[in-house]
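Note that the coordinates shown come from a computational prediction; the quantities given were computed from them, not determined experimentally.
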Amino acid sequence: MNWGWFEGLLRAVNVYSTAFGRIWLTLVFIFRLLVYLVAAEKVWSDDHKDFDCNTRQPGCTNVCFDHFFPVSHIRLWALQLILVTCPSLLVLMHVAYREAKEERLREIQGDNYRRIYPNPGKKRGGLWWTYLLSLIFKASVDLVFLYVFFRLYRNYTLPRLVKCELPPCPNVVDCFISRPTEKNIFTLFMVVTTCVCVVLNLIEATYLIGKRCHKCLEAGEGDSRR
């Protein structure tokens with residue numbers, strides 16, 4: 001899978017992000033995306049091939065693997081990374097809309113036209129709401145996937161040995177997961193970085209709201225002095 005466009009997206013979003021947003025982008029790009037591409041994909045590449053059960057009953061190994069691995073970690077992480085970066089794309093689209101609107105006005109009214117958005121990338125008006133909602137959505141996506149991982153893989157861990165008695169297995173079958181320790185380490189790493197990203201999103205949202213409230217209070221005090 002080609003993830004190159006994610007790198008371009010994250011770099012473009014970096015221009016319009018706050019300091020907390022830039023830290024979040026660094027975590028997503030280095031500690032989640034690169035780790036996923038360089039290491040995690042290879043660790044889970046043999047999960048089905050090396051899932052060994054002590055039986056030769058046709059279909060038993062496949063049924064047991066599907067029961068204990070209903071969705072692959074890799075596919076869930078890929079979907080999570082896609083969903084968590086999509087709100088950043090909406091912010092870029094909103095900025096592009098503002099810039100296009102300014103360009104149309106300049107073409108119609110000339111170079112001395114009245115600018116609607118002196119700085120299209122400044123988080124004011126609708127763009128402020130778009131940015132704030134993108135933070136809430138990103139934090140919500142990560143929290144949902146943390147819950148999904150917890151439900152599918154209890155305590156985010158994989159055992160070395162699982163016992164399966166689903167048909168067509170003839171009896172209770174012992175199945176062995178390949179490299180469970182290494183997979184548990186990577187799972188814990190991804191869970192921790194996801195939690196850190198959630199905290200950063202919430203801090204950035206609080207910062208934006210606090211900054212907006214501070215400006216509103218300053219504007220109210222200025223009007224009262226007049």
Side-chain angles (χ1 to χ4, degrees), residues 1-45 47 69-98 121 123 126-158 183-211:
M1 186 175 184
N2 185 8
W3 293 87
W5 70 279
F6 271 101
E7 179 183 356
L9 171 63
L10 296 177
R11 287 180 177 177
V13 174
N14 186 60
V15 178
Y16 308 109
S17 300
T18 64
F20 299 107
R22 294 186 181 97
I23 297 173
W24 179 87
L25 287 170
T26 302
L27 281 174
V28 170
F29 180 67
I30 297 178
F31 293 101
R32 293 176 69 177
L33 182 58
L34 287 185
V35 169
Y36 174 90
L37 293 175
V38 174
E41 275 191 317
K42 295 180 180 179
V43 172
W44 267 269
S45 61
D47 53 353
F69 293 91
V71 183
S72 170
H73 286 66
I74 290 299
R75 292 180 179 87
L76 276 176
W77 281 331
L79 180 60
Q80 181 180 2
L81 287 171
I82 291 172
L83 292 178
V84 88
T85 51
C86 281
S88 300
L89 181 61
L90 293 177
V91 174
L92 293 181
M93 292 174 62
H94 197 150
V95 174
Y97 166 76
R98 284 184 164 191
K123 291 180 282 296
L127 183 60
W128 185 87
W129 283 104
T130 300
Y131 194 89
L132 179 63
L133 292 176
S134 71
L135 295 175
I136 297 174
F137 182 82
K138 287 187 288 189
S140 301
V141 167
D142 279 336
L143 288 173
V144 168
F145 274 90
L146 285 175
Y147 176 76
V148 169
F149 272 107
F150 181 81
R151 293 290 296 178
L152 292 179
Y153 306 102
R154 186 64 60 180
N155 297 325
Y156 307 109
T157 58
L158 296 174
K183 291 178 180 179
N184 285 331
I185 292 173
F186 276 103
T187 301
L188 180 61
F189 178 84
M190 296 297 279
V191 168
V192 170
T193 53
T194 300
C195 291
V196 174
C197 288
V198 171
V199 172
L200 285 173
N201 285 327
L202 296 178
I203 291 175
E204 188 175 10
T206 304
Y207 168 76
L208 287 177
I209 295 173
K211 189 176 180 180

message: What verdict does the side-chain contact (heavy atoms from CB on, under 4.5 Å) test give for Tyr156 and Met190, after you've listed the backbone C-alpha separation in whole Å, the side-chain angles of each residue and the deciding distance to 0.1 Å?
response: CA-CA 10 Å; Tyr156 307 109; Met190 296 297 279; over 6 Å; no
query: Between the main-chain N or O of Ile74 and the side-chain N or O of Tyr36, is there a donor-acceptor pair closer than 3.5 Å?
result: yes
message: Would you compute the distance between atom OG1 of Thr194 and atom CZ of Phe149 and round it to the nearest 0.5 angstrom?
response: 8.0 Å
message: Asn184: which residues meet the side chain to side chain donor-acceptor pair (under 3.5 Å) condition with it, sequence neighbours left out?
response: none
message: Within the structure provided, determine whether Lys138 and Ser88 are in side-chain contact (heavy-atom separation under 4.5 Å).
response: yes
message: Rounded to the nearest 0.5 Å, what separates atom CD1 in Ile136 from atom OH in Tyr131?
response: 12.5 Å
- prompt: Shortest non-hydrogen contact from Leu132 to Ala205?
  reply: CD1-CB, 3.8 Å
- line: Taken in chain and number order and not counting sequence neighbours, the residues that satisfy side chain to side chain donor-acceptor pair (under 3.5 Å) with Ser134 are none
Heavy-atom side-chain proximity of Leu208 to Leu135 below 4.5 angstrom: yes
message: Less than 6.0 angstrom separating the ring centers of Tyr153 and His73, yes or no?
response: yes
task: Look at the side chain of Ser72 and the backbone N and O of Phe69, then say whether any donor-acceptor pair between them is shorter than 3.5 Å.
output: no
task: Tell me, yes or no, whether the heavy-atom count around Arg75 atom CZ, taken from other residues, nucleotides or ligands under 6.0 Å, exceeds 12.
output: no
task: List the steps and the verdict of side-chain contact (heavy atoms from CB on, under 4.5 Å) for Phe150 and Val191.
output: CA-CA 10 Å; Phe150 181 81; Val191 168; over 6 Å; no
task: Search all heavy atoms of Val84 against all heavy atoms of Trp24 and return the closest pair with its distance.
output: O-CH2, 3.8 Å
message: To the closest 0.5 Å, what do you measure between CG (Leu81) and CZ (Phe145)?
response: 9.0 Å
- prompt: Crowded around Tyr207 OH? As in, over 12 foreign heavy atoms under 6.0 Å?
  reply: no
query: Nearest 0.5 Å, what's the CD-CG distance between Gln80 and Leu76?
result: 8.0 Å
- prompt: For Phe189, what residues pass the ring-ring contact (aromatic ring centres under 6.0 Å, His included) criterion, not counting sequence neighbours?
  reply: none
- request: For side-chain contact (heavy atoms from CB on, under 4.5 Å), just list the numbers for Thr206 and Phe20, CA-CA rounded to whole Å, side-chain angles, deciding distance to a tenth of an Å, and then say yes or no.
  value: CA-CA 11 Å; Thr206 304; Phe20 299 107; over 6 Å; no
CH2-CZ distance between Trp77 and Arg32, expressed to the nearest 0.5 angstrom: 10.5 Å
query: Say you draw a straight line from CG of Leu200 to OG1 of Thr193; how long is it, rounded to the nearest 0.5 Å?
result: 11.0 Å
Minimum heavy-atom distance Asp142-Cys197, with the two atoms named: OD2-CB, 4.0 Å
